[in-house]
Number of protein chains: 2
Amino acid sequence: MDNLIGIKQIAKLANVSIGTVDRVLHNRPGVSKATRDKIETIIKETGYKKNTVASRLNLAGRKKLKIAVLIPEVSSNWSYWNLPKKGIEKAVEELSEMGILVSYYYFTDPFSFIKMGDAILNKKYDAVVTVPFFMVESNNLLSKAKRDNIPIVFLDTEVKLDYPSFFIRQDSNLAGRVAGRLLHGLVGNDGLYFVVNIVTERGLHANNQQRENGFREFFRTNFKDSKISIMTINHPVDRPFEINSEIESWFKDERPKGIFVTNARSYLIPDILKAHSVSNVSVVGFDLHEDNIKCLRNKEIDFLINQKPEFQGYTAIKGMFKFLTEQDSSDLNMDVPVEIIVQENCNLI
Amino acid sequence: MDNLIGIKQIAKLANVSIGTVDRVLHNRPGVSKATRDKIETIIKETGYKKNTVASRLNLAGRKKLKIAVLIPEVSSNWSYWNLPKKGIEKAVEELSEMGILVSYYYFTDPFSFIKMGDAILNKKYDAVVTVPFFMVESNNLLSKAKRDNIPIVFLDTEVKLDYPSFFIRQDSNLAGRVAGRLLHGLVGNDGLYFVVNIVTERGLHANNQQRENGFREFFRTNFKDSKISIMTINHPVDRPFEINSEIESWFKDERPKGIFVTNARSYLIPDILKAHSVSNVSVVGFDLHEDNIKCLRNKEIDFLINQKPEFQGYTAIKGMFKFLTEQDSSDLNMDVPVEIIVQENCNLI
DNA sequence: CTGAAAGCGCTTACAG
DNA sequence: CTGAAAGCGCTTACAG
């Protein structure tokens with residue numbers, strides 16, 4: 001920028017060399033209090049702002065910013081966790097000339113989460129991007145990172161943290177309320193609603209619980225008299241899905257008019273309904289899983305809510321880069337939009 | 001980047017100076033065919049890619065990229081056209097260190113569009129961002145820009161162009177189909193549907209016509225027997241709105257169950273309905289106009305479709321910058337997502 | 001505690 | 001037709 005102040009101008013104004021200005025800017029030792037004060041005053045007065053482009057051009061070769069990404073291991077053929085990764089890779093591509101290096105680590109359970117977290121901290125990364133599936137272990141990682149002064153941004157899930165940190169994720173309660181709005185629009189006041197939680201061996205995911213809460217909140221606030229039943233399917237990730245007696249019992253009494261599935265496995269619902277000859281049911285689920293999209297096209301699912309996982313990954317890297325280079329954390333605390341998907345706008349997302 | 005090839009390495013491999021490499025890279029004259037060929041081969045073999053950051057650091061001071069933005073004049077207090085501007089300003093902010101200069105020009109009619117277009121071309125901008133409201137005049141601008149080798153990206157509206165160019169806008173036909181899907185979900189097969197075109201003195205906007213077409217297409221394809229009436233309101237922009245006899249006649253026969261307004265002025269509908277004691281009508285409209293949002297909150301409008309105008313402006317500038325600096329036009333042809341808004345997710349957008 | 005020099009990768013006059 | 005030098009704004013050894 002021609003009309004903006006640079007370190008050269010600062011140096012001239014302070015009657016020092018640019019090296020000394022640089023020391024002050026980076027809080028490096030070896031400057032007398034007097035010169036430091038003088039330079040700091042001038043920096044403030046002139047509103048000097050570092051040229052990040054020039055700074056990174058210089059550093060790109062010798063001192064890349066190293067970011068560790070610790071996410072759940074990709075399990076099945078379609079995996080949700082490939083999506084944030086895609087966004088991360090896009091961000092890395094865009095920042096490649098600025099000197100950035102992203103390494104991936106994977107966890108499957110609390111134990112591997114801690115193990116990988118420790119490995120990351122030992123390798124002295126500049127920042128960490130991770131997913132707080134496990135509350136205790138996430139707090140453990142956070143406190144260690146705090147000690148080493150390494151910033152963390154948490155994606156996907158919100159948990160209670162002992163220290164403030166960064167979050168990029170959807171407000172799951174809000175997403176549940178949106179689901180309520182959508183499903184009520186289709187079903188109206190008179191029908192019975194099912195909330196279906198599909199639970200893996202790890203138990204009910206925090207997001208799912210919050211979505212259920214939001215859904216119920218929507219009806220409590222707007223349509224008090226609607227009937228809602230909470231149903232649970234226990235379905236370990238890697239075992240084939242079976243309609244068990246518990247599911248059979250869903251349809252003993254009244255039949256549902258609307259079903260809200262609190263996670264990505266809403267594609268299981270149509271077969272359950274068919275098996276019990278239940279028709280005319282509206283379904284709202286989550287995530288652009290390929291099977292969900294198929295159901296959307298078949299009209300077996302009416303709405304999907306998208307968490308914009310690519311966007312989450314992209315924003316995490318771009319935001320962290322901005323934070324590391326400009327101390328600007330404004331992109332690191334974000335409620336991702338609750339994106340509503342129907343058959344027609346599905347391809348454009 | 002340390003492991004990537006730079007001009008220095010190219011120069012060494014070709015036994016020339018970096019100046020000569022630079023001449024070849026920029027297709028500047030003054031290089032013998034032999035050296036040019038040799039260097040070009042090496043560039044291809046090594047997969048050399050210019051470091052845009054270094055390049056722009058160099059040029060930011062002396063040769064900023066100048067982009068002209070030619071958009072409709074902001075008319076009322078709330079103006080749609082402030083939104084793309086917001087996105088443009090965000091992009092400019094992000095690119096400030098890379099040397100960019102954006103100037104705004106405004107038009108109100110075909111005449112001022114041409115006038116401003118000529119003014120822009122005379123000032124030798126590097127690129128133009130504009131809105132093709134007027135087909136003939138837009139093509140006129142495009143052909144002149146083609147002559148001067150200045151790229152144009154068109155926002156908001158798609159028109160038939162004589163030459164290929166760049167477009168960033170929503171697929172309005174698709175948006176109409178989405179509206180059909182949403183409204184049918186609320187109303188079902190039995191009700192009467194109104195499509196309401198609210199027309200200014202400039203006539204029906206191309207987007208509105210395409211949205212109407214898409215809406216009808218949705219029903220023609222999926223629910224053939226639904227009854228749809230097309231209604232028109234003539235309402236010059238700066239005159240107060242009045243319920244005239246034409247509107248009165250809407251309700252002579254059957255009353256509508258669903259209303260689709262093809263532009264941002266869906267907030268006019270609730271008063272019309274109240275005046276005729278018509279209730280239980282679902283309404284879908286466009287754009288996050290403050291009055292629309294109010295209606296969404298009051299439950300007088302059920303869905304709004306957003307065209308992401310900020311995003312359009314942002315993408316236009318970022319995409320054009322990428323095109324000018326890296327000859328990569330991949331972000332300059334874009335179908336903006338059809339974003340579905342309900343009361344609950346309205347604030348997050 | 002401070003300064004002068006070299007360099008990040010590219011671009012531009014200028015000299016020959 | 002080609003090269004050598006200066007510079008974009010910042011950062012880093014190195015010298016004193």
Side-chain angles (χ1 to χ4, degrees), chain A residues 1-40 43 46-65 95-100 324-326, chain B residues 1-40 43 46-65 95-100 324-326:
Chain A
M1 305 303 304
D2 40 8
N3 45 358
L4 279 181
I5 284 278
I7 50 168
K8 227 180 345 190
Q9 286 89 323
I10 303 276
K12 195 178 288 175
L13 287 170
N15 267 315
V16 296
S17 72
I18 56 169
T20 303
V21 175
D22 190 70
R23 282 181 199 102
V24 171
L25 283 169
H26 294 86
N27 272 316
R28 274 193 283 267
V31 186
S32 76
K33 175 123 178 50
T35 18
R36 187 178 293 273
D37 285 351
K38 183 166 60 172
I39 292 173
E40 273 171 349
I43 287 173
T46 54
Y48 168 81
K49 218 180 146 298
K50 171 166 75 176
N51 184 323
T52 308
V53 163
S55 165
R56 292 313 301 171
L57 170 62
N58 191 305
L59 295 173
R62 31 184 160 178
K63 210 194 266 180
K64 292 188 196 234
L65 288 174
L95 293 172
S96 63
E97 287 171 349
M98 305 287 263
I100 191 172
L324 292 172
T325 56
E326 308 176 43
Chain B
M1 305 302 304
D2 39 11
N3 46 357
L4 279 181
I5 284 277
I7 51 167
K8 226 177 352 189
Q9 286 88 322
I10 303 277
K12 194 179 288 176
L13 287 170
N15 266 315
V16 296
S17 73
I18 56 169
T20 302
V21 175
D22 190 68
R23 282 181 199 102
V24 172
L25 283 170
H26 294 86
N27 272 315
R28 274 194 282 268
V31 186
S32 74
K33 175 125 179 50
T35 20
R36 187 177 292 273
D37 285 350
K38 184 166 60 173
I39 292 173
E40 274 172 348
I43 287 172
T46 54
Y48 168 80
K49 217 179 148 298
K50 171 167 74 175
N51 184 324
T52 307
V53 163
S55 166
R56 292 313 302 170
L57 171 62
N58 192 305
L59 294 173
R62 31 184 161 179
K63 210 193 267 181
K64 292 187 196 233
L65 289 174
L95 294 172
S96 63
E97 287 171 349
M98 305 287 262
I100 191 171
L324 292 172
T325 56
E326 308 177 42

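Throughout, protein chains are lettered first and strands after them, A, B, ... in sequence-line order, and every chain is numbered starting at 1. None of the values given here were measured: they were computed from a predicted structure.
In this model, the phosphate group of C/dT2 is not approached by any side-chain N or O of A/Thr20 to a distance below 4.0 Å at OP1 or OP2. Note on B/Lys50: a side-chain N or O is less than 4.0 Å away from OP1 or OP2 of C/dT11. Contact annotation: B/Arg28 side-chain N/O to C/dT12 OP1/OP2 distance is under 4.0 Å. Of the side-chain N and O atoms in A/Lys63, one or more sit less than 4.0 angstrom from OP1 or OP2 of D/dT12. The side chain of A/Ser32 places an N or O atom within less than 4.0 Å of a non-bridging phosphate oxygen (OP1 or OP2) of C/dT2.
The side chain of B/Leu57 has C/dG9 as its nearest neighbour among C/dT12, C/dG9, C/dT2. With C/dT11, C/dG7, D/dG9 as the candidates, the nucleotide lying closest to the side chain of A/Asn58 is C/dG7. Checked against D/dG3, C/dC10, D/dT11, the side chain of B/Ser17 finds its nearest nucleotide in D/dG3. Checking D/dC10, C/dC14, C/dT2 against every side-chain atom of A/Ser55, the shortest atom distance belongs to D/dC10. Here D/dC1 is the nucleotide among C/dC8, C/dG9, D/dC1 with the atom lying nearest to any side-chain atom of B/Thr35. Checking C/dC10, C/dT2, D/dT11 against every side-chain atom of A/His26, the shortest atom distance belongs to D/dT11. The B/Arg23 side chain lies nearest to C/dA13 when the options are C/dT2, D/dC10, C/dA13.
Mapping A/Val16 and B/Thr52 onto DNA chain C via the closest heavy atom, the residue that lands nearer the 5' end is A/Val16. Residue whose closest nucleotide on DNA chain D sits further toward the 5' end, between A/Leu59 and B/Arg36: B/Arg36.
Using a 4.0 Å heavy-atom cutoff across all strands shown, A/Gly30 reaches at least one base atom of the nucleic acid.
With a cut-off of 3.5 Å on both pairing distances, C/dA13 has no Watson-Crick or G-U wobble partner at all. For D/dA4, there is no paired nucleotide, since no Watson-Crick or G-U wobble pair has both relevant distances below 3.5 Å.
Separating the CD1 atom of A/Ile7 from the C1' atom of C/dA4 is a distance of 13 Å, rounded to the nearest angstrom. In this structure, B/Arg56 places its CZ atom 11 Å from C1' of D/dC8, rounding to the nearest Å. The distance between atom NZ of B/Lys33 and atom P of D/dC1, rounded to the nearest whole Å, is 12 Å. Here the P atom of nucleotide D/dA13 and the CD1 atom of A/Ile18 are 15 Å apart, to the nearest Å. Atom NZ in B/Lys49 sits roughly 15 Å away from atom P in C/dG9 (whole-Å rounding). Rounded to whole Å, the distance from CD1 on B/Ile100 to P on D/dC8 is 22 Å. Between the CE atom of A/Met98 and the P atom of D/dC10 there is a distance of 13 Å, rounded to whole Å. Going from atom NZ of A/Lys64 over to atom P of D/dT11 covers 18 Å, rounded to whole Å.
Under the 3.5 Å distance criterion, with hydrogens and angles disregarded, a donor-acceptor pair is assigned to the side chains of B/Ser32 and B/Thr35.
Comparing the P positions of D/dG7 and C/dA4 gives a spacing of 16 Å, expressed to the nearest Å. With P as the reference atom, D/dC1 and C/dC10 are 25 Å apart, rounded to whole Å.
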Does B/Leu13 form a side chain to side chain contact (heavy atoms under 4.5 Å, CB included) with B/Ile39? I'd like the steps, not just the answer.
CA-CA 9 Å; B/Leu13 287 170; B/Ile39 292 173; over 6 Å; no

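Using a distance-only test at 3.5 Å, with no hydrogens or angles considered, a donor-acceptor pair links the side chain of B/Glu97 to the main chain of A/Thr52.
Annotation: side chain of A/Ile100 is not in contact with side chain of A/Arg56 (no heavy-atom distance under 4.5 Å). In this structure, A/Val21 and A/Leu25 have side chains that are in contact, with non-hydrogen atoms separated by less than 4.5 Å. Put simply, the side chain of A/Val53 reaches to within 4.5 Å of the side chain of B/Met98, judged on heavy atoms.
The residues A/Glu326 and A/Lys49 are annotated as salt-bridged, a charged nitrogen and a carboxylate oxygen being separated by less than 4.0 angstrom.
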